[in-house]
Q: 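Below you'll find the structure I mean.
Sequence lines set the chain letters: A, B, ... in the order given, protein chains first and strands last, and positions in each chain run from 1.
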Protein chains: 2
Amino acid sequence: MKLTSKTRYAMRAMVFLAECGESAPQPLSRIAQCGMPVNYLEQLLGTLRKHGLVRTVRGNQGGYLLARSAGDITLLDIITAVEGPIKKSLCYTNTGVCSKQENCGVNKAWEKVTSGIEQVINRVSLSDMVTGS
Amino acid sequence: MKLTSKTRYAMRAMVFLAECGESAPQPLSRIAQCGMPVNYLEQLLGTLRKHGLVRTVRGNQGGYLLARSAGDITLLDIITAVEGPIKKSLCYTNTGVCSKQENCGVNKAWEKVTSGIEQVINRVSLSDMVTGS
DNA sequence: GTCAATCCCGACCTTTTTAATCGGGATAGA
DNA sequence: TCTATCCCGATTAAAAAGGTCGGGATTGAC
């Protein structure tokens, strides 16, 4: 339950791209000036591209652009892209001594928690992050 | 944004203690039968005790008990105890090139996210986890 | 009073994950 | 053709998580 550099960097990069708009593609070196190691950022942007959140223009004068409008990208999209899908609890998998195996209360309660968190994160869009709304 | 073994173990232990009720203190060795390494669990229970979630009876016939009623302990209490308080975003701390420093949109949006998540987690009590409500 | 069961605690080690670096290849505008 | 750029896998370094160990303190049972 913690915010990693990966997510923080990805958020910064996406917010920056959102602020830049559709004008021109922003080169990696420019985005990295937001305070991130350029080589590491490159990996993250690759991941974001593979998940369809940014698109690229290759070659000279190339760079990165948002793949969709900022209002159409949520924090859940970004976090899921770089951190993977939000994990589910495994609940009493080992010895079974504590009984109840599959449909135990912990599982049900945890299910409620994860979907609740997903909702919260999914309600914040990239444009919200730009405007602070 | 992931569930660690620490949290999973702590949840199991707390749920087990909740199921045992106020009858007798449960020794570490018994709790560990839920499928956790005993020495590691000991550390976790020490942390939970320091945060006032369990109390102990020392000496022979001793063990661990919930410090409060199961309805009065939430998932937020447990997670905060073992993982520390839910972190806040730092937002653009390095070069300042991306402008806006303090009260930027990302900070505001992230603030909303963390408090939202806290609410979700805080609404699930230990007794909810036992009953699955 | 002794003994055994128990909590207590800090130090250490191992494994996994995260973060960062590097080198070379592909692409395309000027 | 040259250079700025994306692309990508391999490697390393740093940090965190997960787990182990040994010895000390407490206390009920006998």
Side-chain angles (χ1 to χ4, degrees), chain A residues 1-13 17 20 24-67 79 81-87 90 93-94, chain B residues 1-13 17 20 24-67 79 81-87 90 93-94:
Chain A
M1 204 57 69
K2 87 181 158 193
L3 188 63
T4 66
S5 281
K6 240 186 212 166
T7 302
R8 202 154 35 225
Y9 290 168
M11 278 170 59
R12 280 195 213 167
L17 290 178
C20 290
Q26 300 295 322
L28 179 62
S29 55
R30 175 66 191 90
I31 306 175
Q33 284 173 7
C34 295
M36 303 165 267
V38 62
N39 292 311
Y40 190 46
L41 179 61
E42 188 174 28
Q43 288 180 42
L44 293 180
L45 285 167
T47 304
L48 292 170
R49 182 178 57 80
K50 279 169 198 152
H51 282 81
L53 300 184
V54 302
R55 64 193 165 87
T56 50
V57 180
R58 300 188 67 173
N60 198 344
Q61 305 291 99
Y64 296 86
L65 291 161
L66 290 187
I79 292 180
V82 296
E83 306 267 18
I86 291 182
K87 303 291 196 309
L90 296 168
T93 47
N94 290 357
Chain B
M1 203 59 68
K2 85 182 158 191
L3 188 63
T4 66
S5 279
K6 241 187 214 167
T7 302
R8 201 154 34 225
Y9 290 168
M11 279 170 58
R12 279 195 214 166
L17 289 178
C20 290
Q26 299 296 321
L28 179 61
S29 56
R30 175 67 191 89
I31 305 174
Q33 285 174 6
C34 294
M36 302 165 268
V38 63
N39 292 312
Y40 191 45
L41 180 60
E42 189 174 28
Q43 289 179 41
L44 293 181
L45 285 167
T47 305
L48 291 170
R49 182 179 56 80
K50 279 170 198 152
H51 282 82
L53 300 184
V54 302
R55 64 195 166 86
T56 51
V57 179
R58 300 189 67 174
N60 198 344
Q61 305 290 99
Y64 296 85
L65 290 161
L66 291 188
I79 292 180
V82 297
E83 306 267 19
I86 291 182
K87 303 292 197 310
L90 297 168
T93 46
N94 291 355

Q: Could you give the NZ-to-C1' distance, from A:K50 to D:dC7, as a whole number of Å?
A: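 The distance from NZ of A:K50 to C1' of D:dC7 comes to 9 Å, rounded to the nearest Å.
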Q: Looking only at heavy atoms, what is the nearest atom pair of B:L17 and B:Y64, with distance?
A: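 Answer, listing the atom of B:L17 first, then B:Y64: CD2-O, 3.5 Å.
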Q: What's the closest nucleotide to the B:P27 side chain, out of C:dA19, C:dT6, D:dC6?
A: C:dT6
Q: Nearest whole angstrom, please: distance from the P of D:dA17 to the OH of B:Y9.
A: 14 Å
Q: Are B:S5 and D:dA17 close enough that a side-chain N or O sits under 4.0 Å from OP1 or OP2?
A: no
Q: For C:dA5, does either OP1 or OP2 sit under 4.0 Å from a side-chain N or O belonging to B:S29?
A: no
Q: Under 4.0 Å between a side-chain N/O of A:T56 and OP1 or OP2 of D:dT5, yes or no?
A: no
Q: For the helix from C:dG1-D:dC30 to C:dA30-D:dT1, how many degrees between its two end axes (five pairs per end), to the nearest 10°?
A: 10°
Q: Ignoring hydrogens, what is the shortest heavy-atom contact between B:L44 and B:A10? Give both atom names and the distance.
A: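 B:L44 and B:A10 have their closest heavy atoms at CD1-N, 4.3 Å.
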Q: Measure the distance from NZ on A:K6 to P on D:dA14 and round it to the nearest whole Å.
A: 19 Å
Q: Between P on D:dA16 and CD on B:E83, what's the gap in Å once rounded to a whole number?
A: 13 Å
Q: Are there any protein N/O atoms within less than 3.5 Å of an N/O atom in nucleotides 21-27 of chain C, and if so, which ones and at what distance?
A:
from: C:dT21; atom 1: O4; to: A:Q43; atom 2: NE2; distance (Å): 2.6

Q: Return all side-chain donor-acceptor pairs below 3.5 angstrom for residues 46-55 of chain B, not counting sequence neighbours, or 'none' if the list is empty.
A:
from: B:T47; atom 1: OG1; to: B:Q43; atom 2: O; distance (Å): 3.1
from: B:H51; atom 1: ND1; to: B:T47; atom 2: O; distance (Å): 3.0
from: B:R55; atom 1: NH2; to: B:E22; atom 2: OE1; distance (Å): 3.1

Q: For B:Y9 and B:G35, which heavy atoms make the closest approach, and how far apart are they?
A: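 Minimum heavy-atom separation between B:Y9 and B:G35: CE2-O, 4.5 Å.
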Q: Please walk me through it: do A:R8 and A:L3 pass side chain to side chain contact (heavy atoms under 4.5 Å, CB included)?
A: CA-CA 7 Å; A:R8 202 154 35 225; A:L3 188 63; 4.0 Å; yes
Q: Are A:E83 and A:T7 packed together at the side-chain level, in the sense that at least one heavy-atom pair is separated by less than 4.5 angstrom?
A: yes
Q: Starting at atom CG of B:L28, determine the distance to atom C1' of D:dC21, rounded to an integer number of angstrom.
A: 14 Å
Q: With sequence neighbours left out, write down each residue that passes side chain to side chain contact (heavy atoms under 4.5 Å, CB included) with A:S29, or none if nothing qualifies.
A: A:P27
Q: Between D:dG9 atom P and A:L44 atom CG, what is the distance in whole Å?
A: 15 Å
Q: So which heavy atom on B:P25 is nearest to which on B:Q61, and how close?
A: CG-O, 3.6 Å
Q: Nearest heavy atom decides the nucleotide; on that basis, is A:R49 or A:G62 closer to the 5' end of DNA chain D?
A: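 Comparing both residues, the 5'-ward one is A:G62.
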Q: Roughly, in whole Å, what's the span from CD in A:Q61 to P in D:dT3?
A: 15 Å
Q: What are the two closest non-hydrogen atoms of B:V82 and B:K6, and how far apart are they?
A: O-CD, 3.6 Å
Q: Regarding A:G46, tell me which of base, sugar-phosphate or nothing describes its non-hydrogen contacts under 4.0 Å with the strands shown.
A: nothing
Q: Using whole Å, report how far CG of B:L45 lies from P of C:dC9.
A: 13 Å
